Amino acid sequence: MSDAPAADSAPITWADFEKVLLVAGTILKVEPFPEARRPAYKVWADFGPYGQRKTSAQIVSLYAPEDLVGRQIVAVLNFPEKQIGPFRSQFLLTGAYTEEGVVITTLERPVPNGARLG
């Protein structure tokens with residue numbers, strides 16, 4: 001996750017939004033990521049038909065690893081992979097920025113892994 005976007009971001013079209021592959025997944029494993037410049041975890045998640053993927057997430061201020069495993073999350077899957085130190089990030093974990101840290105986006109009831117949001 002990067003810094004919060006500007007409040008005056010340019011409008012997008014519905015066609016632009018449809019290009020974003022926002023899907024539900026379940027966190028399988030979380031490990032510390034001591035090599036990261038900012039405190040972060042390595043997170044692995046199952047996205048059903050999209051497979052298992054991994055990412056780096058700066059969410060250590062609000063979550064312990066054991067609190068994340070098994071939670072359903074919302075992720076963007078169609079960004080290119082990104083090298084973060086010695087780790088390849090394969091999805092973007094979504095969340096809301098607060099003064100205390102990033103609050104991850106979760107679902108209010110279970111859905112199949114890989115379910116598309118829109």
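Nothing here was measured: the structure is a model prediction, and the numbers come from that model.
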Check your understanding: Where do S56 and S89 land on the side-chain hydrogen bond (donor to acceptor under 3.5 Å, both in side chains) test, with the steps shown first?
Key -> CA-CA 6 Å; S56 169; S89 181; over 6 Å; no
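Scored by the side chain to side chain contact (heavy atoms under 4.5 Å, CB included) test, A15 finds T13 as partners (sequence neighbours excluded). In this view, K82 satisfies the salt bridge (charged side-chain N to carboxylate O under 4.0 Å, His left out) rule with no residue, not counting sequence neighbours. Looking at residues two or more places apart in sequence or on another chain, you find a side chain to side chain contact (heavy atoms under 4.5 Å, CB included) between P65 and V30, Y41. Every residue two or more places apart in sequence or in another chain was checked for a side-chain hydrogen bond (donor to acceptor under 3.5 Å, both in side chains) with E66, and none qualifies. Looking at residues two or more places apart in sequence or on another chain, you find a ring pair (Phe, Tyr, Trp, His ring centres under 6.0 Å) between F47 and F91.
If you take CZ on R53 and CG on L92, they are separated by 12.0 Å, rounding to the nearest 0.5 Å. The distance from the CD atom of Q58 to the CZ atom of R38 is 5.0 Å, given to the nearest 0.5 Å. Of the inter-residue distances, the one linking I84 atom CD1 with T55 atom OG1 reads 6.0 Å to the nearest 0.5 angstrom.
Listed here is the closest heavy atom pair of G114 and P49: CA-CD, 4.1 Å. Smallest separation of non-hydrogen atoms from A36 and A40: CB-CB, 4.0 Å.
A donor-acceptor pair under 3.5 Å links the side-chain atoms of Q90 to the main chain of K54, judged by distance alone.
Screening residues 13-33 for ring pair (Phe, Tyr, Trp, His ring centres under 6.0 Å) gives W14-F17, F33-F87 as the qualifying pairs, with residues at least two apart or on separate chains. For residues 101-118, no residue pair satisfies the salt bridge (Lys or Arg N to Asp or Glu O under 4.0 Å) rule, not counting sequence neighbours. Applying the salt bridge (Lys or Arg N to Asp or Glu O under 4.0 Å) test to residues at least two apart or on different chains, the pairs with a partner in residues 28-37 are K29-E31.
L28 belongs to no hydrophobic cluster, as no Ile, Leu, Val, Met, Phe, Trp or Tyr side chain comes under 4.5 Å of its own.
Cluster annotation: W44 is not connected to F79 through the hydrophobic network of ILVMFWY side chains, with a link wherever side-chain heavy atoms come within less than 4.5 Å.
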Only pairs under 3.5 Å count here: list side-chain donor-acceptor contacts from residues 68-78, not counting sequence neighbours, and write none if there are none.
from: Q72; atom 1: OE1; to: V111; atom 2: N; distance (Å): 2.9
from: Q72; atom 1: NE2; to: V111; atom 2: O; distance (Å): 2.7
from: Q72; atom 1: NE2; to: N113; atom 2: OD1; distance (Å): 3.2
from: N78; atom 1: OD1; to: L21; atom 2: N; distance (Å): 2.9
from: N78; atom 1: ND2; to: K19; atom 2: O; distance (Å): 2.4

Mind listing the side-chain donor-acceptor pairs of residues 99-107 below 3.5 Å, one per line with the distance, residues two or more places apart or on another chain?
from: E100; atom 1: OE1; to: T98; atom 2: OG1; distance (Å): 3.4
from: T105; atom 1: OG1; to: T94; atom 2: O; distance (Å): 3.3
from: T105; atom 1: OG1; to: T94; atom 2: OG1; distance (Å): 3.0
from: T105; atom 1: OG1; to: G95; atom 2: N; distance (Å): 3.4

